[in-house]
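Naming: A, B, ... by sequence-line order, numbering from 1 per chain.
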Amino acid sequence: MIAQLTAWLMHPLGHMIAALAAIMAFVGVNGLVLVYMERKVAGFIQRRPGPYEVGPQGLLQPVADAGKLISKQLATPEGADRLMFWAAPILSMAPVVICFLPIPFSPLLTGMDVNLGLLLILAFSGLNSLALCLAGWGSNNKYSLLGAARAVAQAVAYEIPLLLSVLAVAFQTGSLNLSVIAQEQTRGLLSWNVFTHPLAFFIFFVASVAETNRSPFDLPEAESELTAGFHTEYSGMGFGLFFLAEYSYMVIVCAVATALFLGGWDGPVLPGIWWFLAKVFGLIFVMMWFRWTFPRVRFDQLLNICWKWLIPLGLLNLVVTALMIKLVR
Amino acid sequence: MGHDVNEKLTGDFYTKHFAPALSEDGDTLILNIGPQHPATHGVLRVVVELDGEYIRKSEPVLGYIHRMHEQMGEVKTYPQYLPNMGRVDYLHALAWNWAYVGAVEKLMGITVPPRAEYIRVITCELNRISSHLLWWGAYLLDLGGFTPILYGFADRERILDILQIVTGSRLTYCYFRFGGVVTDVTDEFIALTRQFCRDFTQRLPMYRDLVTGNMILRGRCEDIGVLSPEMARRYGATGPVLRGSGVAYDVRRFEPYSVYDRLAFDIPTGQAGDAMDRYEVRMAEMAQSVRIIEQALEALPAGDVVSPDLPERVIPPKGEIYFAVEGARGKIGVYLLSDGTAKPYRLKLRSPSFSNLSLFAELAQGTLLADAISIMGSLDLVIPEIDR
Amino acid sequence: MRRLMKALKGLWSLAVGLRITAVELIKPQITVHYPRKEVDNLATYRGHIELVPQDEDPGTPRCIMCWRCVDICPSRCITLRMHVQGEETGRAADPGLRLSPDVQVPYSQHLAPPPDRIVRVLDGYRLNYSLCSLCGLCVQSCPVDAIRFTGNAYLVGTTRQTFDIDLLARLQQRAASTAAARGAARAA
């Protein structure tokens, strides 16, 4: 029986199905953990306890939240395009699963060891902006429409610095396989790319905060301007899926950042997976810290940061990296 | 092509009233900001015409929280109208208390004992700080910063605790009476106020570091909603909005009432008249209020807190009076016309937020939606005060 | 170059902001977790009013039924019922017995002149708390300090009747329970 199962798991298709199932579970659990973490971080920064009542230390609060979201009525606003309106949250959530596939949680624990893993993630995460666009257009709500317009412009603009910063690392390693890039960095702390490419890491992190629509770049849902932006009209799990997708994208970009810049699973004593998760959640904590500290930038400022700073810096970084590689070899 | 987005655009009376003046190309969007919207902090509604995210024109719609305070003044006796004053502008309730009480006192010729005057100054300035703190947090909330409001509230709670000692309530105070105040201050009040002044002076640099110096905030405030002194005058703007434009007009200095002429304080002003200047003026005003409170605590004389020669029934002689005080949002005026009976014949309340709001339509023209929100926040509007 | 310096300075300002929130993150909480803990400054809070008993008789209010509180109340939330000893009870608001002589009320001229000594008995004193705005004018206008504020901040109810408080019954109930407690203590 066990031998059969192992054999099945070794088969690429079986491996992938098992990985997908595991990822689904991980995404769900992850959503719960991050909701709890976000609320606790917010609470502590604001010097209040955060969730406290449901379960010990409020641990069951996200479960209660999820229960509430699931049990809520799914209302479609009048005049909305039903197909687009309901396709949007699903389209936002679906690519998440694929994006998790190439992430190397440890040397062995990788959903699918693909050569172009990095490209796969970047390509599929781009689908999210399409989902936001559909949500905004399908809602028949002006706030949603404005939010969607912002989301698309922002996503398109920030893809570029993201790619530029990633390219610099890929140049050096000569691979787009995340496992290989992480493996390259296991030769001690100084071999981490964050030390060899600090600028690229900075650009990557800023761009990924913008890509995931997190504060201070949370313009598509800027709630003091657009009430809730593109998801104004969503209730229940429609909103829940957007929410889950946002948190999952946070994990994805932080996992990619860890694999690219922070040495992946590299670390002493503990098994690699724990190091990887610790780094990912550390980065997520920084994102939350940003959110509860900074005000929101304005839209033109957001694009200015991208076009006037991040892209030129990214190009510069790329050229310098290329030169260095040429000189060293 | 799915549905026509424009077919839902007919709207109610106000949107229709707004619609005929729409720009020619028809490529614009009418958006109702409010009456329920996170940025309007109450039930203000602003109809805007958007071209992309640029505002072509806008128009505030008022009256969602109109409670007929002026009419109520005509059907209640003079003392019975006192609790209304805490509810016109609930954030700086004591200034409104003072404006009304002061008008009646002026008309009746009641002199207020010096101790009561100093207590009024102390409590009113404490209330001003609490109002500015709430504005500060709410403005940052408008700009997307969630945390400052809770830091502001931590300090504001201390003020509310202090004011609760003498007034018994935490928000809608009804503390001033004709000829004085209700209760005398206690030693605990004085000690806590002194302690608060010390702590608050130390907290201000933290506020500056966290917010005022922040690059993102400066980007959202500098050169946004530049208000020229000429325009501010045209609309009758007062308070920090006017002072942000560089006009050093403060009722406490230019029409001194109570003991303000005996207290030293600066009138902070801005230069450019943008949202950042209005912001800086309010932050500086909090420090000035602390200064005033400290002086007033030093100078607090002994004596009565209510005028001993107060008539049994408050019935002012025939006549009219206007009395103005400096509220957190600007000049608060009470015009009182008495026909010699137990009730006012006419009571007119001049609320600063109303004048400050009327600026908004002109100021917001041609700006981005996000800037309009920033401008609205920097005007520090209290909606119940606008509608009265 | 100047723009670069400006951007770096801006980034530094962001770092300063992050430092402040990080410091606040590890500071202890300052909120009070309500159902488990309560705030300690309710002593100065002005809740709804209550009647003050006479010093010698805790079951009888000090009230002299002068109607001033009823008159001054801006929202008319106080209802007072009384009778004069010897007359029938339960007559609502007998206007002939007002203390303020300058208040001209209808019917007063039809009534017989009051006897030399009138003993007034309070039949009911109700407060409609849902109308009250806690201005304190009643407490202030009372000539014998028969009304005071309670510190009752946690008054919660699901019906309107909860906030229609019979203050006289409340006072008598209190007096009875204190007397019972004192009796029990003496017995023990």
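Residue contact with chain C, scored on non-hydrogen atoms closer than 4.5 Å, involves the backbone and the side chain of Ile165(B) alike. Using a 4.5 Å cut-off between heavy atoms, Thr167(B) contacts chain C through its backbone alone, with no side-chain atom that close. Residue contact with chain C, scored on non-hydrogen atoms closer than 4.5 Å, involves the side chain of Tyr151(B) exclusively. Residue Arg218(B) does not touch chain C at all, counting heavy-atom pairs closer than 4.5 Å. In this structure, chain B has no heavy atom under 4.5 Å from any part of Thr31(C). For Leu137(C), the parts lying under 4.5 angstrom from a heavy atom of chain B are both the backbone and the side chain.
Heavy atoms of other residues, nucleotides or ligands lying less than 6.0 angstrom from CG of Asp57(C) number more than 12. Residue-environment remark: NZ (Lys37(C)) stays at or below the threshold of 12 foreign heavy atoms within 6.0 Å. Counted within 6.0 Å of CZ on Arg67(B), heavy atoms from surrounding residues, nucleotides or ligands total more than 12; the atom is thus considered enclosed. More than 12 heavy atoms of other residues, nucleotides or ligands lie within 6.0 Å of CE in Met206(B), so this atom counts as buried by the packing criterion.
One finds the OG1 atom of Thr44(C) at 11.0 Å from the CD1 atom of Ile162(B) (value rounded to the nearest 0.5 Å). Summarising the geometry, atom SG belonging to Cys174(B) is positioned 10.0 Å from atom CG belonging to Leu134(C); distances are rounded to the nearest 0.5 Å. Summarising the geometry, atom CD belonging to Gln164(B) is positioned 10.0 Å from atom CZ belonging to Arg46(C); distances are rounded to the nearest 0.5 Å. Atom OG1 of residue Thr77(B) and atom CG of residue Asp71(C) lie 9.0 Å apart, to the nearest 0.5 angstrom. With rounding to the nearest 0.5 Å, the separation of CG in Leu18(C) from CG in Asn214(B) is 9.0 Å.
The backbone N or O of Cys73(C) lies less than 3.5 Å from a partner atom in the side chain of Gln80(B), making a donor-acceptor pair. Panel note: side chain Arg170(B), backbone Tyr45(C); no donor-acceptor pair is recorded below 3.5 Å.
Between chain B and the residues Val139(C), Ile30(C), Leu14(C), the most heavy-atom pairs under 4.5 angstrom are made by Leu14(C). Most heavy-atom pairs under 4.5 Å with chain B: of the set Thr21(C), Ile72(C), Val16(C), Val39(C), this distinction falls to Ile72(C). When each of Gly219(B), Gly86(B), Pro83(B) is checked for heavy-atom pairs under 4.5 Å with chain C, Pro83(B) comes out on top.
Contact check for Ser133(C) versus Arg87(B): side-chain heavy atoms found under the 4.5 Å cut-off.
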